[in-house]
Amino acid sequence: MQQALIAILIITLTAVLYFAMVKVYQRFSYPVLIPVLTTTFVIVGLLISMHIPYEEYMIGGKWIHSLLGPAVVALAYPLYKQRKILMKYRFPIIGGVFAGLLTGMVSGLLFARILGIDHELILSIVPKSITTPVAIQIASGLGGVPAMTVVFVMIAGFSGVILGPVILKMGRIHSSLGRGIALGSASHALGTSKAMEYGELTVSMSSVSMTLSALLGSVFGPIVVWVFQV
């Protein structure tokens with residue numbers, strides 16, 4: 001009974017905080033105020049200040065986490081609605097995702113090498129632009145540290161959501177196709193959530209890009225590591 005009450009309180013608190021941050025973002029539409037990021041910081045701050053263990057938060061948090069699967073599956077609906085456009089531009093989509101995936105992997109690897117980062121951490125950085133469940137498996141297979149990969153995936157997601165719109169504007173990329181491929185291949189699920197602000201077609205492109213990045217990343221991750229002899 002006590003655990004049920006804790007779970008209800010945590011779910012309610014998280015939902016209230018998120019919707020409050022949505023209102024803030026709607027009022028002040030700065031990239032750094034995206035609800036996912038601000039809600040995360042507020043919750044972390046509350047847990048630290050009130051000395052609440054992560055395990056206790058996850059009594060309720062696990063139920064919110066369980067909604068991730070249905071949320072991803074729900075992306076199939078806009079994909080279905082845009083299926084004709086997806087088939088029409090299948091080659092540019094595959095080419096764009098492949099270019100984005102390789103750029104993300106190689107750039108992370110090279111920067112890590114230049115900075116003299118530990119070998120295991122370099123292997124953990126390689127799949128940073130791939131959605132978390134797949135990135136963890138790739139990192140494990142490469143010999144990286146899955147827990148650190150989660151951190152790098154979050155950094156890639158948040159930085160893409162914050163800096164992505166600025167880079168797209170600077171590059172004069174205004175098409176739904178370009179925006180969707182860029183956000184999905186660079187920032188996975190967080191990028192796809194940001195793509196919702198640009199319309200249904202952009203969301204569809206981002207969702208496809210995120211899925212293709214996961215599939216291609218599983219194949220080309222080990223190849224990139226082998227080519228650069230990490």
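Note that the coordinates shown come from a computational prediction; the quantities given were computed from them, not determined experimentally.
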Would you please name every residue forming a ring pair (Phe, Tyr, Trp, His ring centres under 6.0 Å) with F220, sequence neighbours left out? F98

Less than 4.5 Å apart, side chain to side chain, heavy atoms only: is that true for R90 and M87? yes

Got a second to check how far I130's CD1 is from L216's CG, nearest 0.5 Å? 9.0 Å

Which residue, S207, S187, S206, S204, forms the side chain to side chain donor-acceptor pair (under 3.5 Å) with T192? S206

For A182 and L168 the tightest heavy-atom approach is CB-CD2, 4.0 Å

Taking all non-hydrogen atoms of both residues, which atom of Y198 and which atom of R179 are closest, and how far apart? CD2-NH1, 3.2 Å

Check L190 against V161 and note the closest heavy-atom contact, atom names and distance. O-CG2, 3.4 Å

Does M50 share a hydrophobic cluster with V44, counting links as ILVMFWY side-chain heavy atoms below 4.5 Å and allowing steps through other members? no

Has Y89 got more than 12 heavy atoms of other residues, nucleotides or ligands less than 6.0 Å from its OH? no

Spacing of L123 atom CG and L109 atom CG [to the nearest 0.5 Å]: 8.0 Å

Linking I/L/V/M/F/W/Y whenever any side-chain heavy atoms sit under 4.5 Å apart, do V24 and V16 land together? no

Going only through I, L, V, M, F, W and Y residues with side-chain contacts under 4.5 Å, is there a path from L215 to I93? no

CE of M170 to CG of L163, rounded to nearest 0.5 Å, is 10.5 Å

Using distance alone, with no hydrogens and no angle criterion, decide if S209 and S185 have a side-chain donor and acceptor under 3.5 Å apart. no

I need the L212 CG to I181 CD1 distance, nearest 0.5 Å. 9.5 Å

Once rounded to the nearest 0.5 Å, what's the spacing between atom CD1 of I122 and atom CE of M148? 12.5 Å

Closest contact, heavy atoms only, V224 versus M105: CG2-SD, 4.1 Å

In short, P127 meets I138 closest at the heavy-atom pair CB-CG2, 4.0 Å

Minimum side-chain heavy-atom gap F111-I125 below 4.5 Å: no

What one should report as the nearest heavy-atom pair of T149 and I136 is CG2-N, 4.3 Å

What's the spacing between I167 CD1 and S159 OG if we round to 0.5 Å? 8.5 Å

Check the hydrophobic clustering (I, L, V, M, F, W, Y; side-chain heavy atoms under 4.5 Å; chains of links allowed) and say if F28 and V36 are grouped together. yes

Can you check whether Y25 reaches T38 side chain to side chain, under 4.5 Å on heavy atoms? no

Is any side-chain heavy atom of T14 closer than 4.5 Å to one of I43? yes

Among the clusters formed by ILVMFWY side chains lying less than 4.5 Å apart, do V153 and V151 turn up in the same one? no

